[in-house]
Each structure stands twice: as structure tokens, then as C-alpha cells.
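Throughout, protein chains are lettered first and strands after them, A, B, ... in sequence-line order, and every chain is numbered starting at 1.
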Amino acid sequence: MLAKLSAKHPIVENILVYRELSKLKSTYVDALPTMINPRTNRVHTSYNQAVAVTGRLSSNNPNLQNIPIRTERGREVRKAFVPRNPEYTLLSADYSQIELRIIAAISEDANMIDAFRSGLDIHTATAAKVYGVEIADVTPDMRRNAKSVNFGIIYGVSAFGLSENLGIARSEAKTLIDNYFIQYPSIKKYMENQVKFAQKTGYVQTLMGRKRWLKDINSSNAVVRGYAERNAINMPIQGTAADMIKLAMISLHKTFREHNLRSRMILQVHDELVFDAHLDEVETIKPLIIEGMRNAMPLAVPVEAEIGTGRNWLEAH
DNA sequence: AATTTCACG
DNA sequence: ACGTACGTGAAATTA
């Protein structure tokens with residue numbers, strides 16, 4: 001973690017920029033063109049259905065689930081992904097806050113369910129709750145901290161991990177987490193119950209019944225055991241999201257067949273589906289995709305998907 | 001061959 | 001006292 005030292009010496013910034021550029025060049029700019037299939041003139045990834053322990057897909061040769069988007073130069077790489085010809089457009093649809101909606105639904109936490117049902121921005125709503133202020137009085141810093149807690153909760157975060165992530169005192173992080181569990185008591189209960197269930201049965205499972213065995217859940221080594229406990233919390237969340245998008249993919253495949261569409265589903269990136277969409281079909285398929293994704297696996301909270309089109313993968317977002 | 005680093009959700 | 005946020009894959013570096 002060099003970034004932590006960036007204030008110590010000016011050279012660190014230069015090293016980080018160098019690393020960013022060498023990563024983009026070696027992994028994407030140099031590599032991807034060599035993987036174009038000459039017959040189809042495209043890059044074709046492989047999706048693995050039995051690699052990720054949570055039930056997610058993974059992608060290799062090349063990995064198209066980690067195409068850059070977070071930095072300016074990285075986004076230039078993403079622009080290289082374009083539709084097959086000018087009669088097509090790239091269409092991207094992604095689930096909104098799907099893992100938080102899932103934890104709200106399966107923990108049956110009334111407060112978080114209410115936040116989603118009222119259509120609030122979940123990080124703002126969480127900030128208002130943990131800082132005890134009105135929604136309108138949530139500052140950007142408060143929202144940022146609440147967002148980190150929301151993410152951290154899904155991973156089974158500790159006060160130490162949160163303080164590291166946010167660059168705040170551990171005591172402050174602890175207060176945030178304590179307030180979080182006061183505001184969302186059933187989420188705390190859910191986490192405890194997942195660990196208990198795993199200790200008793202040796203596994204945890206998604207809403208659809210996909211299991212992950214946790215052989216270390218009763219280990220006498222606290223580090224090893226802690227890791228298994230976080231797995232017990234996280235896997236049902238991440239795995240249920242994986243189950244949901246897979247069901248959506250099957251449903252949409254059928255729907256596209258039935259409508260004799262020329263548009264094609266071409267990529268899946270965990271909570272996102274990308275389509276090579278014929279221009280004449282865009283307005284037809286948009287609602288089909290949105291509804292296919294929303295209705296794939298009904299939850300006790302609304303499931304939302306956002307959709308966009310563009311001349312390349314970046315613009316489609 | 002194992003580890004480190006970094007790209008993504 | 002101890003270590004410390006989930007899941008992947010690819011390239012470069014270390015040994």
C-alpha cells in the first residue's frame with residue numbers, strides 16, 4: 001500500500017502514476033489486440049461457472065470483467081469496446097445497490113427496507129441515521145463515511161478495517177459501526193445468525209440454496225476463524241446477487257428468442273449486462289431488459305436497474 | 001512457482 | 001495478544 005505514503009515523499013506520486021500507466025499498457029493496450037479472433041474480428045472471453053466460491057461467474061482469456069473505468073486514462077481503454085457495426089449500439093444495464101437491497105431483504109431489517117421502499121439514496125439515508133441528522137443536513141463527508149460502512153457491513157468489516165479505509169480514528173469508526181447496528185438492528189442479528197448457522201451446520205447458503213462450506217468456521221486460530229466468519233456473512237449476499245443476475249440472463253435469453261431479436265447479450269460483469277443492440281430494437285428491448293432484471297428474483301424491497309446506450313461501452317454507462 | 005500489485009464488481 | 005473488509009484474473013517481480 002504505497003498510497004499511504006504519498007504524503008511522505010513527492011516521488012511516491014510519480015511511482016503511482018507510473019504503475020497505473022504500466023498496468024494499463026501491459027494488461028489492456030498491448031494484450032487485448034493480440035487476442036482478437038481473426039475469424040470474428042472480436043475478442044471472446046470465457047466465462048467460468050464453477051470457479052468463484054460465491055456462485056459468481058468469472059472471466060478469463062481475456063478477463064472482460066475488469067476493464068478499466070475508474071481513471072481518466074483507464075476510461076480510454078473502455079471506449080475501445082464498440083458495437084459490431086453502425087447499425088448497432090452498445091447497451092448497458094446494471095442493478096442499483098443490489099447487495100444492500102439483498103441484505104435488507106434477507107435480514108428483514110425494517111429500517112433499511114423502509115429506506116429502499118421510500119426511494120431514498122441509501123448512503124444518504126444511512127448517514128442521516130448514524131449521525132442523527134435530517135436527510136437534508138447530510139454533508140458529503142457524512143455520506144462518504146456512511147457509504148463505506150454500508151460496503152463494509154457486507155464484508156463483515158471491523159472498526160480497524162473501517163478506520164483504515166476512511167482514514168479516521170478507530171474510536172470514530174467504532175462509533176459509526178455501533179450507531180449503524182442501533183439503526184439497523186436486524187442486520188446485526190442477521191450477521192450473528194449466519195455465523196451461528198455456519199458453526200452448527202458447517203455451511204451457509206444463498207436465498208436460492210447455493211451452499212458454501214466453511215471448514216474453518218470453528219477453527220481455534222482466531223485469524224483463520226475470523227476469515228471464515230466474514231465468509232459466512234458475505235457469501236449469502238454476494239451469492240444471492242449472483243443467483244439473481246443468472247436468472248435474469250436466462251429469462252432475457254428466452255425473451256430475446258421469442259421476439260426474434262437481432263440484438264445480443266454479450267457481457268456480464270457481476271451486476272451489469274451488456275448488449276450489442278440493433279438501433280431499431282433499442283426502444284423495444286430497454287423495458288424488456290429492465291423488467292427481466294427487476295423481476296428475476298422478487299425481494300421484499302424494490303429491485304432497480306439502470307440502463308443506457310452509447311457508441312462505446314463507456315458512453316453506455 | 002510463489003508473491004505482489006492492481007484492474008474490476 | 002493478535003490481526004484485521006468480500007469475490008475474481010493478469011502481469012511483473014521475486015526467489
Q: Sequence neighbours excluded, which residues qualify as side chain to side chain contact (heavy atoms under 4.5 Å, CB included) partners of Ala296(A)?
A: Tyr95(A), Met244(A), Leu247(A), Ala248(A)
Q: Can you identify which nucleotide, out of dA7(B), dA12(C), dA10(C), has its nearest atom closest to the Thr27(A) side chain?
A: dA10(C)
Q: What nucleic acid atoms does Glu20(A) come within less than 4.0 Å of, heavy atoms only: base, sugar-phosphate, or nothing?
A: sugar-phosphate
Q: Whole angstroms only, please: what is the CG-C1' distance between Asn61(A) and dA11(C)?
A: 13 Å
Q: When you measure from every atom of DNA chain C, which of residues 290-297 of chain A have a heavy atom less than 4.0 Å away?
A: none
Q: Using the P atom on both, measure dA2(B) against dA5(C) and round to a whole Å.
A: 24 Å
Q: Starting at atom CG of Asp30(A), determine the distance to atom P of dA7(B), rounded to an integer number of angstrom.
A: 15 Å
Q: What nucleic acid atoms does Ile154(A) come within less than 4.0 Å of, heavy atoms only: base, sugar-phosphate, or nothing?
A: nothing
Q: Please confirm whether the backbone N or O of Ala115(A) pairs with a side-chain atom of Ser118(A), one donor and one acceptor, at under 3.5 Å?
A: yes
Q: Would Ser46(A) and Asn61(A) count as having a side-chain donor-acceptor pair, cut-off 3.5 Å?
A: no
Q: Name the nucleic acid region contacted by Ile69(A), choosing base, sugar-phosphate or nothing; use a 4.0 angstrom heavy-atom cut-off, strictly under.
A: sugar-phosphate
Q: Rounded to whole Å, how long is the line connecting atom CG of Asn63(A) with atom P of dC8(B)?
A: 11 Å
Q: Just checking Ala159(A): base, sugar-phosphate only, or nothing, at a heavy-atom cut-off of under 4.0 Å?
A: nothing
Q: May I ask whether Met293(A) and Ile98(A) are part of the same hydrophobic cluster, defined by side-chain heavy atoms of I, L, V, M, F, W, Y residues being less than 4.5 angstrom apart, directly or through others?
A: yes
Q: Applying a 3.5 Å limit to both distances, which nucleotide forms a Watson-Crick or G-U wobble pair with dA1(C)?
A: none
Q: Looking at dG7(C), I'd like to know if its phosphate oxygens (OP1 or OP2) sit under 4.0 Å from a side-chain N or O belonging to Asn231(A).
A: yes
Q: Figure out the OH/C1' separation between Tyr28(A) and dG9(C), and round it to whole Å.
A: 9 Å
Q: Do Glu304(A) and Ser96(A) pair up side chain to side chain, a donor and an acceptor below 3.5 Å, judged on atom types alone?
A: no
Q: Would Arg84(A) count as a cation-pi partner of Tyr88(A), with NZ or CZ less than 6.0 Å from the six-membered ring centre and within 45° of the ring normal?
A: yes
Q: Can you tell me how far P of dT8(C) sits from CG of Leu64(A), to the nearest Å?
A: 18 Å
Q: Work out how far the P atom of dT3(B) is from that of dT4(C), and round it to whole angstrom.
A: 15 Å
Q: Should the pair Asp243(A)-Arg210(A) be classified as a salt bridge under the 4.0 Å nitrogen-to-oxygen rule?
A: yes
Q: Take atom C1' in dG3(C) and the same atom in dC6(B), then report the distance between them in whole Å.
A: 23 Å
Q: Short of 4.0 Å, heavy atom to strand atom, which residues of residues 33-59 of chain A count as contacting DNA chain C?
A: Asn48(A), Val51(A), Ala52(A), Val53(A), Thr54(A), Arg56(A), Ser58(A), Ser59(A)
Q: Run the side-chain donor-acceptor check on residues 256-274 of chain A: report pairs under 3.5 Å with partners two or more places apart or on a different chain.
A:
from: His259(A); atom 1: ND1; to: Thr255(A); atom 2: O; distance (Å): 2.9
from: Ser263(A); atom 1: OG; to: His278(A); atom 2: N; distance (Å): 2.9
from: Ser263(A); atom 1: OG; to: Glu281(A); atom 2: OE1; distance (Å): 2.5
from: Arg264(A); atom 1: NH1; to: Leu261(A); atom 2: O; distance (Å): 2.9
from: Gln268(A); atom 1: OE1; to: Gln65(A); atom 2: NE2; distance (Å): 3.1
from: Gln268(A); atom 1: OE1; to: His270(A); atom 2: N; distance (Å): 2.9
from: Glu272(A); atom 1: OE2; to: Ser92(A); atom 2: OG; distance (Å): 2.7
from: Glu272(A); atom 1: OE2; to: Trp313(A); atom 2: NE1; distance (Å): 3.0
from: Glu272(A); atom 1: OE2; to: His317(A); atom 2: NE2; distance (Å): 3.1

Q: Does this structure show an ion pair linking Arg143(A) with Asp121(A), if we count only N-O contacts that are shorter than 4.0 Å?
A: yes
Q: Rounding to a whole Å, what distance do you find between Gln268(A):CD and dG7(C):P?
A: 17 Å
Q: Rounded to the nearest angstrom, tell me the gap between atom CG in Leu100(A) and atom C1' in dC6(C).
A: 13 Å
Q: Assign Asn66(A) to base, sugar-phosphate, or nothing according to its heavy-atom contacts below 4.0 angstrom with the strands shown.
A: base
Q: Near DNA chain C, under 4.0 Å by heavy atom, which residues of residues 173-210 of chain A?
A: none
Q: At less than 4.0 Å, is any side-chain N or O atom of Arg212(A) found next to OP1 or OP2 of dG7(C)? Yes or no.
A: yes
Q: Rounding to a whole Å, what distance do you find between Ile15(A):CD1 and dT5(B):P?
A: 12 Å
Q: Just by distance, with hydrogens left out, do Asn231(A) and Arg212(A) show a side-chain donor and acceptor under 3.5 Å apart?
A: yes
Q: Does a donor on one side chain sit under 3.5 Å from an acceptor on the other, for Ser163(A) and Glu172(A)?
A: no
Q: Is Arg73(A) paired with Glu76(A) through a side-chain N to carboxylate O contact shorter than 4.0 Å?
A: no
Q: Confirm from the modelled atom types if Gln238(A) and dC6(C) form a donor-acceptor pair under 3.5 Å, side chain to base only.
A: yes
Q: Can you give me the N/O atom pairs linking the protein to nucleotides 3-5 of chain C at distances under 3.5 Å, or say none if there are none?
A:
from: dT4(C); atom 1: O2; to: Ser158(A); atom 2: OG; distance (Å): 3.4
from: dT4(C); atom 1: O4; to: Arg170(A); atom 2: NH1; distance (Å): 3.3
from: dA5(C); atom 1: O3'; to: Arg230(A); atom 2: NE; distance (Å): 3.2
from: dA5(C); atom 1: N6; to: Asn165(A); atom 2: OD1; distance (Å): 2.9
from: dA5(C); atom 1: N6; to: Asn165(A); atom 2: ND2; distance (Å): 2.2
from: dA5(C); atom 1: N1; to: Ser148(A); atom 2: O; distance (Å): 3.4

Q: If we count only N and O atoms by modelled type, under 3.5 Å, do the side chains of Tyr131(A) and Asp137(A) hold a donor and an acceptor together?
A: no
Q: Does Pro236(A) reach the side chain of Tyr190(A), with side-chain heavy atoms less than 4.5 Å apart?
A: yes
Q: Taking atom types as modelled, find out whether Ser59(A) and Thr45(A) have a side-chain donor-acceptor pair closer than 3.5 angstrom.
A: yes
